[in-house]
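Order of listing sets the numbers, starting from 1, for every ligand and every atom in it.
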Amino acid sequence: MRKKLAAGNWKMNMTPEETGRFIEDLKPLVKDSNADVALMVPYVDIKTALDAAKDSNIEIGAQNMHFEESGAFTGEISPVMLKETGVKYVIIGHSERREYFAETDETVNKKVLKALEYDLIPIMCCGETLTQREQGITIDHIRKQIKIGLLNVSSDDIEKVVIAYEPIWAIGTGVTATSEQAQEVCAAIRDTLRELYGEKADNIRILYGGSVKGENASELFGMPDIDGGLVGGASLKLSFADIVNYDK
Ligand code: 13P
């Protein structure tokens, strides 16, 4: 049985001071949740976030990492560094990284493999543009992202991976995919995972992301192949708790 995961992606928002205050305020609001709760915070907020979330059910992750352990990569953060901080998750291949920082399915794959090597849970993102959707190539595109992104991920490791389906046209736009649209693609992702990993596909969490809010979370998370959400804007407010508590 897959446990739901409500994961916030703060993107480039929140200072360390704001982080500490926010998590202190969020803790009591989500303490009885049935879903797992996580916040993917900027690197400089990680320590404060982990301290604030200690002894609570809120887990902390990062939003990116390099695939090398160390070296001349100015401005980058390595899996070794992340592991030592104590974060549990790391987002890999968010569409904003692909669009603005030239990440490809190949670099995503290297990062997923490295994250697993360091026992970090990769939240690997995929999603189509509006043009791809209008051209009717959404599923082909997503299958390619999944297959290349997971290349050489072993059958022993695959159940640790979380997939996030985030249609690019729904990110930060206020336009949410309908629950049927989101379910259709998440089911196609699970079919692809089944082709690659057999029945283990049924244990892999697939999140939906793109304008998730308190008002639409319960319908989206109620779909058979949607195991929670990756939430941007709405995770910056305490009403994120409504998404975490979608079933109450
Ligand atoms: P919004 O929830 O702001 O649309 O962002 C979604 C997202 O990109 C999460 O990673």
Side-chain angles (χ1 to χ4, degrees), residues 4-14 18-19 22 26 30 35-43 45-46 49 58-65 87-101 103 105 108 111-112 115 120-130 132-133 138 141-142 145-146 149 161-179 181-183 185-186 189 205-221 223 226-246:
K4 304 280 182 198
L5 168 61
N9 172 12
W10 280 1
K11 310 192 178 184
M12 197 172 70
N13 294 289
M14 296 276 200
E18 290 165 340
T19 296
F22 183 90
L26 183 67
V30 299
D36 286 338
V37 194
L39 292 171
M40 311 299 140
V41 306
Y43 294 129
D45 296 339
I46 286 175
I58 301 173
E59 301 173 315
I60 304 300
Q63 299 173 9
N64 178 38
M65 61 166 219
V87 290
K88 177 166 180 178
Y89 297 95
V90 56
I91 298 176
I92 302 289
H94 190 279
S95 61
E96 287 149 17
R97 301 286 324 163
R98 296 173 189 256
E99 184 176 352
Y100 307 133
F101 302 96
E103 294 202 14
D105 290 335
V108 167
K111 291 180 178 198
V112 167
L120 297 160
I121 297 179
I123 302 182
M124 188 183 91
C125 300
C126 60
E128 81 286 5
T129 61
L130 188 56
Q132 288 167 327
R133 176 159 283 267
T138 297
H141 174 71
I142 303 283
Q145 287 185 317
I146 297 290
V161 175
V162 176
I163 307 285
Y165 166 57
E166 301 204 303
I168 295 170
W169 48 272
I171 295 179
T173 57
V175 181
T176 316
T178 64
S179 43
Q181 284 173 320
Q183 164 59 24
V185 180
C186 290
I189 292 172
R205 292 199 280 195
I206 303 175
L207 311 182
Y208 165 79
S211 301
V212 175
K213 317 181 232 316
E215 300 85 66
N216 56 30
S218 71
E219 188 179 330
L220 285 161
F221 298 2
M223 302 308 280
I226 301 180
D227 306 313
L230 187 56
V231 185
S235 71
L236 297 166
K237 301 189 196 111
L238 289 172
S239 52
F240 177 55
D242 296 339
I243 298 173
V244 174
N245 296 318
Y246 74 96

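The residue among Cys125, Gly232, Gly209, Gly8 with a heavy atom at the shortest distance from atom 2 (O) of ligand 1 is Gly232.
Close approach of ligand 1 to Gly210 is summarised as follows: ligand atoms under 4.0 Å from at least one heavy atom of the residue are 4 (O), 6 (C). Residue Gly172 has at least one heavy-atom neighbour below 4.0 Å for each of these atoms of ligand 1: 1 (P), 3 (O), 4 (O). Counting the atoms of ligand 1 from 1 in the order shown, those under 4.0 Å from a heavy atom of Lys11 are 5 (O), 6 (C), 7 (C), 8 (O). Counting the atoms of ligand 1 from 1 in the order shown, those under 4.0 Å from a heavy atom of Glu166 are 6 (C), 7 (C), 8 (O), 9 (C), 10 (O). The Ser211 neighbourhood of ligand 1 comprises atoms 1 (P), 2 (O), 4 (O), with distances under 4.0 Å to a heavy atom of that residue. Using a 4.0 Å cut-off to heavy atoms of Ala170, the atoms of ligand 1 that qualify are 4 (O).
Looking at Asn9 against ligand 1, only its side chain comes within 4.0 Å, counting heavy atoms.
For the pair Thr173 and ligand 1, the shortest N or O to N or O distance does not fall below 3.5 Å.
From the protein, the heavy atom lying nearest to atom 3 (O) of ligand 1 is Gly233 N, 2.8 Å.
With rounding to the nearest 0.5 Å, the separation of CD1 in Ile243 from CG in Asn216 is 7.5 Å. Rounded to the nearest 0.5 Å, atoms CG (Leu220) and CD (Gln181) are 10.5 Å apart. Here Ile163 contributes atom CD1 and Met124 contributes atom CE; the two are 4.0 Å apart, rounded to the nearest 0.5 Å. One distance of note links CG of Asp242 with NZ of Lys237; it measures 11.0 Å at 0.5 Å rounding.
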Met12 vs Gln63, test: side-chain contact (heavy atoms from CB on, under 4.5 Å). Steps then yes/no.
CA-CA 9 Å; Met12 197 172 70; Gln63 299 173 9; 6.0 Å; no
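Trp169 and Arg133 make their closest contact through CZ2-NE, 3.4 Å (heavy atoms, listed as atom of the first residue, atom of the second, distance).
Just one residue in the list Lys88, Lys4, Arg205 forms a side chain to side chain donor-acceptor pair (under 3.5 Å) with Asp36, and that residue is Arg205.
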